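Report on one structure; see the data block that follows.
Owing to the predicted nature of the structure, the values given are computational and were not obtained by experimental measurement. Every chain is numbered from 1 and lettered A, B, ... according to where its sequence line falls, protein lines coming before strand lines. No hydrogens, no waters, no symmetry mates; every other heavy atom, side chains included, goes into these values.
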There are 4 protein chains.
Amino acid sequence: MPKNVETTVKDEKLIKQRRAELIKAAVKLFTEKGFHRTTTREIAREAGFSIGTLYEYIRTKEDVLYLVCDDIYNKVSDRLRATIALKGDGVECLKAAVAGCVKVMDDMQDEVLVMYQEAKSLSKESLPYVLNKELEMVKLLEDVLDHCIRLGALHLTEKEKEFYAHHILVLCQMWAFRRWSLAKTFTVHEYTAYLIDAILYGISVRKAPSIDQKS
Amino acid sequence: MPKNVETTVKDEKLIKQRRAELIKAAVKLFTEKGFHRTTTREIAREAGFSIGTLYEYIRTKEDVLYLVCDDIYNKVSDRLRATIALKGDGVECLKAAVAGCVKVMDDMQDEVLVMYQEAKSLSKESLPYVLNKELEMVKLLEDVLDHCIRLGALHLTEKEKEFYAHHILVLCQMWAFRRWSLAKTFTVHEYTAYLIDAILYGISVRKAPSIDQKS
Amino acid sequence: MPKNVETTVKDEKLIKQRRAELIKAAVKLFTEKGFHRTTTREIAREAGFSIGTLYEYIRTKEDVLYLVCDDIYNKVSDRLRATIALKGDGVECLKAAVAGCVKVMDDMQDEVLVMYQEAKSLSKESLPYVLNKELEMVKLLEDVLDHCIRLGALHLTEKEKEFYAHHILVLCQMWAFRRWSLAKTFTVHEYTAYLIDAILYGISVRKAPSIDQKS
Amino acid sequence: MPKNVETTVKDEKLIKQRRAELIKAAVKLFTEKGFHRTTTREIAREAGFSIGTLYEYIRTKEDVLYLVCDDIYNKVSDRLRATIALKGDGVECLKAAVAGCVKVMDDMQDEVLVMYQEAKSLSKESLPYVLNKELEMVKLLEDVLDHCIRLGALHLTEKEKEFYAHHILVLCQMWAFRRWSLAKTFTVHEYTAYLIDAILYGISVRKAPSIDQKS
DNA sequence: CATGAATGAGGCTTCATTCAT
DNA sequence: TATGAATGAAGCCTCATTCAT
């Protein structure tokens, strides 16, 4: 399923190493100027090898984008999986997940932005693979919700579960996308606290005990 | 503040008309292939005039992007303003706003996507202007919240208000950004209903009366 | 049938003129260094316009080769048609045709060499069209033979006619291909005289009346 | 006279063996895609060794072409020499030579085509050597003609002899060059028969006894 | 005002050749 | 000797922009 970017080089270990260098360079440049404004030469130079060498490890410029997106998704997913960890009783588990997810978005802001802004430039063949990765992340949050449901802490239908998985993921990503504005008012921790509250109890519950909730 | 895209042509009426044609053509093409993959020639052809004429109404390709983003922001803002309208008592007003906002995102999905995906290609000079437009939209939602607060339907601090304005806007945009996945499970109306619930009451309140909320 | 090389330019007259310039430049360069060793930039410079302009009149480097081959074939065919003219009684007509054909090969040696040496670099799509042109030239010679046959000067079966048409054409081309060697010993006129004799009467008839011819 | 292609390797036997492999691979590839479209890497891979090893046995890509042309010329010459063999009385000897020559062209069509189409890509230094090989082949046919002359079967001046040697060689090559068209109508044997007739007696003698031949 | 031919900088990619292992 | 990773010059082509008509 994962597209296999062809190489001229055979040494697997070398491929891994060079690719890591290449991806690091590309992420840096894409962050600064975007995929289209970055030239292959710049990527090669930043990665520390010649243009010829770059093309020993990829076949097209688009391959670089694919490798970058693939790598970031994997890293984000891995970190998410590690942070979420289904620990804590009841709703605590969800809170931890949200906090972890925001932290990942905070730590990897540059990468996350690159991924979401440039993935659209992938070819028709690669795009589905990447979109699927996005759904895998949604799935991770569904697992958290499932856990809470099994603990009896939440009561959700299947549809609600899907809805909330997207909902929570988007709200966490929001920190990455809107930090330029939000960071003027909130620290990550404040943001996280507000977000947990908003997700769990909604806006109306803010100190309004007498209001007729969802009558 | 709004950058003035220079023209060779003087006739104001003509400028308006040609720009409208130009923007329409550009939005169509940007939707299909993105800003960078679209050539100025294509824009001219799609708009129905020659490349020479195109350059009578803009100075650089980036001007087209600026005009497009500006135009879409204005349209989205206008529609939002019209839909929101601060009508309804108490929390109804907020519900109407959310519903209206989602509808706008649904109606203008293509435009919204173009705007958010390509705005990053604007120059350092134009970007702030566009980001500011984004904040104006946030402000619109803050106004709604203010209204609810004044009606006594909500109780929010200034910070909470800012947070929720972003929060709500992002969740509405989510429909535009994730329709490729969400639409498999939800209709716009379902999505809207779930969203209103989620915003107002959060996830934990879903039929779980006995749970000790935020003790 | 003739492939239509696409242009960006619309003015038909201009296309004709520029193409003529382009072809002239290309023939000169291809003659000197061959198709593969000639760069598009060199063609543009030699033709007197910029690389950008060159690409307004063609889409690929191969288009240049196609235009060149097409043009040369047309010129050679036209000259052949003009020279042959089915004039003269009996076998005189054939002699005139051979003489004319050799003259064409002599006058257009460079072009003929380019055409036969580079045509193989045409794409699978264009090649058949060019090969067909070759067959048209064979056809011209078949017409001459037909004429002689109708005059009663020659007696050939259909197969013989086809054979001799190729046979004569190849022998005329021989002057173009082997002038580097033949010209050391023969002038064109000598060559023509020898060739006519060889074609008409063969080698054995050279002053050998007593030999038992093909008994 | 024969250019000495330099090697890093000393072992003569190894050189011979590797070169044979290399030439075989190159002929195959040149036949398929021509010299310029074939890469050195492809040659190495097809020959069964690495690019590094290839360059132990040649110094430039052009060396490969030189080796190929040289090898083919030698093989063709050898086969020609073997087939011709100056056997047969009188004109039979010539007939046998023509038949043999056509057979060689038929058997080695691919090689012959490669040789004549790519030799022009040789450098100014190598070209004369290869052209000289061509003249050696002409010489072989001159020898045949000489033999016939000595037998009294033909009467030719020196100039006529040179002319006919080229003439016959070209007509035999014609089978290789035009088989794409001729083979639709003729088998090799038919072609050979027609050709022998044409060379010996010319076109006019075809059943036209009363015509005043070159009076 | 409108047109579209002309321009050329610059991007992506290939590939012959080298050289350290 | 054999290998194959590294190199970078050089090729093809695109496209934003200009300007004469």
Side-chain angles (χ1 to χ4, degrees), chain A residues 7-11 14-15 18 36-45 48-64, chain B residues 7-11 14-15 18 36-45 48-64, chain C residues 7-11 14-15 18 36-45 48-64, chain D residues 7-11 14-15 18 36-45 48-64:
Chain A
T7 49
T8 310
V9 174
K10 295 171 179 175
D11 186 333
L14 202 51
I15 294 178
R18 289 276 187 265
H36 283 105
R37 291 205 205 287
T38 303
T39 69
T40 51
R41 270 181 165 81
E42 286 170 325
I43 296 170
R45 192 183 319 128
F49 29 78
S50 71
I51 183 67
T53 301
L54 174 63
Y55 274 88
E56 296 272 314
Y57 295 92
I58 56 162
R59 270 189 330 138
T60 342
K61 189 187 175 191
E62 206 214 288
D63 281 349
V64 178
Chain B
T7 50
T8 313
V9 177
K10 299 299 165 206
D11 186 336
L14 200 51
I15 293 178
R18 288 275 192 263
H36 283 105
R37 291 204 206 286
T38 302
T39 68
T40 51
R41 271 162 146 100
E42 287 171 322
I43 297 169
R45 192 184 319 127
F49 32 78
S50 72
I51 182 68
T53 302
L54 176 63
Y55 273 87
E56 300 278 325
Y57 296 91
I58 55 160
R59 266 184 335 125
T60 47
K61 189 187 175 189
E62 206 216 287
D63 281 348
V64 178
Chain C
T7 50
T8 310
V9 174
K10 296 170 177 176
D11 185 333
L14 202 52
I15 294 179
R18 288 277 187 264
H36 282 105
R37 290 205 206 288
T38 303
T39 70
T40 51
R41 270 180 164 79
E42 286 171 324
I43 297 170
R45 192 183 318 126
F49 30 78
S50 70
I51 182 68
T53 300
L54 175 63
Y55 275 89
E56 295 272 315
Y57 295 91
I58 55 162
R59 270 187 332 137
T60 342
K61 189 186 175 192
E62 206 215 288
D63 280 350
V64 178
Chain D
T7 51
T8 312
V9 176
K10 300 296 165 209
D11 185 335
L14 200 51
I15 293 179
R18 288 275 191 263
H36 282 104
R37 292 203 206 287
T38 302
T39 68
T40 51
R41 271 165 146 101
E42 287 171 323
I43 296 169
R45 191 183 322 127
F49 32 78
S50 71
I51 182 67
T53 302
L54 175 64
Y55 273 87
E56 300 278 325
Y57 295 92
I58 54 160
R59 266 184 334 124
T60 47
K61 189 187 175 190
E62 207 215 286
D63 281 349
V64 177

Please verify the inter-ring angle class for D:His36 with C:His36; under 30° counts as parallel, over 60° as perpendicular, anything in between as tilted.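 Because their plane-to-plane angle is under 30°, the rings of D:His36 and C:His36 count as parallel.
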N or O in side chain of B:Tyr57 less than 4.0 angstrom from E:dC1 OP1/OP2: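 No, because none of the side-chain N or O atoms of B:Tyr57 sits under 4.0 Å from OP1 or OP2 of E:dC1.
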Taking atom [atom1] of [X] and atom [atom2] of [Y], what is their separation to the nearest 0.5 Å?
X       : Y       : atom1 : atom2 : answer
A:Thr40 : A:Asp63 : OG1   : CG    : 12.0 Å
D:Leu14 : D:Glu56 : CG    : CD    : 10.0 Å
A:Leu54 : A:Arg45 : CG    : CZ    : 12.0 Å

Are C:Glu62 and D:Arg37 within salt-bridge range, i.e. N to O under 4.0 Å?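 D:Arg37 and C:Glu62: not salt-bridged.
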Scoring nucleotides 13-21 of chain E by protein non-hydrogen atoms under 4.0 Å (B base, S sugar-phosphate only, - none) yields BBSBBB---
Any non-hydrogen side-chain atom of C:Ile43 less than 4.5 Å from a side-chain atom of C:Thr38?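 A side-chain contact under 4.5 Å exists here.
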Under the rule for side-chain contact (heavy atoms from CB on, under 4.5 Å), what residues qualify as partners of D:Ser50, not counting sequence neighbours?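 Partners of D:Ser50 by the side-chain contact (heavy atoms from CB on, under 4.5 Å) criterion, ordered by chain and then number, come out as D:Thr53.
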Nucleotide pairing, DNA chain F (Watson-Crick or G-U, distances under 3.5 Å), in dot-bracket with [ ] and |: .||||||||||||||||||||
Rounding to an integer number of Å, can you tell me how far C:Arg18 CZ sits from E:dA5 P?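 About 10 Å, once rounded to whole Å.
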Would you mind telling me which of E:dT7, F:dG4, F:dA5 lies closest to the side-chain atoms of A:Asp11?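 Closest of the options to the side chain of A:Asp11: F:dA5.
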